[in-house]
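The structure appears below as structure tokens.
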Amino acid sequence: MIVFREIKKHPQNYIILGIVFFVASVFLLYFRQHFDAHDQRRVVYITAGIYLAWSLFHHYRRGDLQFSIILEYILLALFAVIVAMTSLV
């Protein structure tokens, strides 16, 4: 599969992304325990922004950054924010 080949080629990109999502998950759980929905929203916004920036940087480095890819990642980040906002307690 293409995804596994890409991970083998550039494991550091996916390790960094995994660390970002792990840290975001820890913060979400921490703020959930303290009933702070406002800080949970901040974590979601920051994580979506980091994911968007990192993805665009990744494609820029690969040399295949196009408008369609930019639009795809913007829509994906917005969708993740919307889903998270509707499900946060």
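Computed from a predicted structure; not experimentally measured.
Using a 4.5 Å cut-off between side-chain heavy atoms of Ile, Leu, Val, Met, Phe, Trp and Tyr, with links allowed through other members, L29 and F27 fall into different hydrophobic clusters. V83 and L76 are assigned to two separate hydrophobic clusters, defined by single-linkage of ILVMFWY side chains at heavy-atom distances under 4.5 Å. Residue L56 is not grouped with residue Y45 when hydrophobic side chains (ILVMFWY) are merged at heavy-atom distances under 4.5 angstrom, including chains of intermediate members. Linking ILVMFWY side-chain heavy atoms closer than 4.5 Å, directly or via other members, places I69 and Y51 in a single hydrophobic cluster. Grouping the Ile, Leu, Val, Met, Phe, Trp and Tyr side chains by contacts below 4.5 angstrom, directly or via other members, places L17 apart from I15.
Here the closest non-hydrogen pair linking A48 and V81 is CB-CG2, 3.6 Å. Here the closest non-hydrogen pair linking W54 and I16 is CH2-CD1, 3.9 Å. For the residue pair I74 and L52, the shortest heavy atom distance occurs at N-CD1, 3.7 Å.
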task = Go through T47 and F21 one step at a time and tell me if the side chain to side chain contact (heavy atoms under 4.5 Å, CB included) criterion holds.
result = CA-CA 7 Å; T47 305; F21 286 130; 3.7 Å; yes
inquiry  = side chain to side chain contact (heavy atoms under 4.5 Å, CB included) for N13 and R61? Distances and angles first, verdict last.
reply    = CA-CA 11 Å; N13 291 346; R61 270 196 349 204; 3.1 Å; yes
Residues F31, R42; criterion side chain to side chain contact (heavy atoms under 4.5 Å, CB included); working and verdict = CA-CA 10 Å; F31 289 127; R42 284 184 184 159; over 6 Å; no
request  = Test Y30 against D39 for side chain to side chain contact (heavy atoms under 4.5 Å, CB included), laying out the working first.
outcome  = CA-CA 10 Å; Y30 173 78; D39 284 333; over 6 Å; no
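Here the side chains of L28 and V44 are in contact, with some heavy-atom distance below 4.5 Å. Proximity of E72 to Q66: side-chain heavy atoms (C-beta onward) are nowhere separated by under 4.5 Å.
Taking CD1 from I70 and OG from S55, the interatomic distance works out to 11.5 Å, rounded to the nearest 0.5 Å.
Listed by chain and number, the residues in a ring-ring contact (aromatic ring centres under 6.0 Å, His included) with Y60 amount to none (sequence neighbours excluded).
Ring geometry for H58 against Y14 counts as perpendicular: the plane angle is over 60°, on a 0 to 90° scale with 30° as the lower cut.
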